[in-house]
Novice: 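I'd like to ask you about the structure that follows.
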Amino acid sequence: FEAAVTMAAVAGEPPSPEELLPKGDVEKTKEELDEDDEEKLDETWSERLWGLMEMFPKRVRFPRAAVWIGTTSFMILVLPVVFETEKMQIEQQQQLQQQQILLGPNTGLSGRMQGALPSLPGKI
């Protein structure tokens, strides 16, 4: 190994990655690597989640559950309302900008066209 590196260095060429990395006797195929990974997983997902739950002390479990319930409830109940109101505000701003472009700059401020017909007396 060292002889190949020193010969490449003497020749002025950088060593190739194959020369730098030590070679093993047997290279494993992708299927063999996948089988090795499957053998290591002896527990199911539910067992893994249960083990994660047990790592918290009992005095932390209730506040953790309360925070989880509060956060998910907020996301399900409140965030859609916030998004819809934001969407409505953006639509209103776009309508005002359209009116200002089509009818002139003063229409958005006054809420009424300057040259429009006057309202009839007696009618609201």
Side-chain angles (χ1 to χ4, degrees):
F1 172 74
E2 291 177 3
V5 173
T6 56
M7 289 175 64
V10 170
E13 298 175 10
S16 67
E18 291 83 20
E19 293 173 350
L20 292 175
L21 294 175
K23 295 181 181 176
D25 294 337
V26 179
E27 292 185 19
K28 291 187 177 184
T29 63
K30 185 175 186 326
E31 289 115 16
E32 291 173 343
L33 291 173
D34 289 341
E35 288 174 7
D36 289 345
D37 288 342
E38 289 175 7
E39 290 174 3
K40 292 177 186 174
L41 299 176
D42 293 337
E43 60 187 2
T44 64
W45 284 102
S46 60
E47 291 171 341
R48 185 171 287 189
L49 288 174
W50 187 260
L52 287 173
M53 188 178 81
E54 289 177 348
M55 77 180 216
F56 292 103
K58 288 187 178 185
R59 67 177 190 276
V60 176
R61 289 183 192 168
F62 178 75
R64 181 179 55 98
V67 168
W68 174 258
I69 291 170
T71 303
T72 55
S73 298
F74 175 79
M75 291 173 63
I76 292 171
L77 299 173
V78 177
L79 281 181
V81 174
V82 170
F83 290 147
E84 285 299 316
T85 55
E86 184 72 23
K87 182 180 170 184
M88 288 175 43
Q89 288 176 353
I90 290 172
E91 288 175 356
Q92 288 176 351
Q93 288 176 351
Q94 287 176 346
Q95 286 177 352
L96 284 174
Q97 286 176 348
Q98 267 186 335
Q99 284 180 348
Q100 288 177 350
I101 290 171
L102 293 175
L103 303 175
N106 294 333
T107 57
L109 299 175
S110 65
R112 212 179 135 179
M113 287 185 5
Q114 297 271 334
L117 295 173
S119 59
L120 297 172
K123 290 194 176 185
I124 299 176

Novice: Please tell me whether Val82 and Phe74 are part of a single hydrophobic cluster in this structure, the criterion being side-chain heavy atoms less than 4.5 Å apart.
Specialist: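 Yes, same cluster.
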
Novice: What's the spacing between Gln98 CD and Ile101 CD1 if we round to 0.5 Å?
Specialist: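 Here the rounded value is 7.0 Å.
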
Novice: With the 4.5 Å side-chain cut-off for hydrophobic clustering, are Phe83 and Met75 part of the same group?
Specialist: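 Cluster IDs for Phe83 and Met75 match.
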
Novice: Looking only at heavy atoms, what is the nearest atom pair of Leu77 and Val81, with distance?
Specialist: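 Taking Leu77 first and Val81 second, the nearest heavy atoms are O-CG2, 3.7 Å.
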
Novice: If we ignore hydrogens and angles and just use 3.5 Å, is the side chain of Thr72 paired with the main-chain N or O of Ile69 as donor and acceptor?
Specialist: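 It does hold such a pair.
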
Novice: Any chance you could measure Glu91, atom CD, to Gln89, atom CD, to the nearest 0.5 Å?
Specialist: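 Between atom CD of Glu91 and atom CD of Gln89 there are 11.0 Å.
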
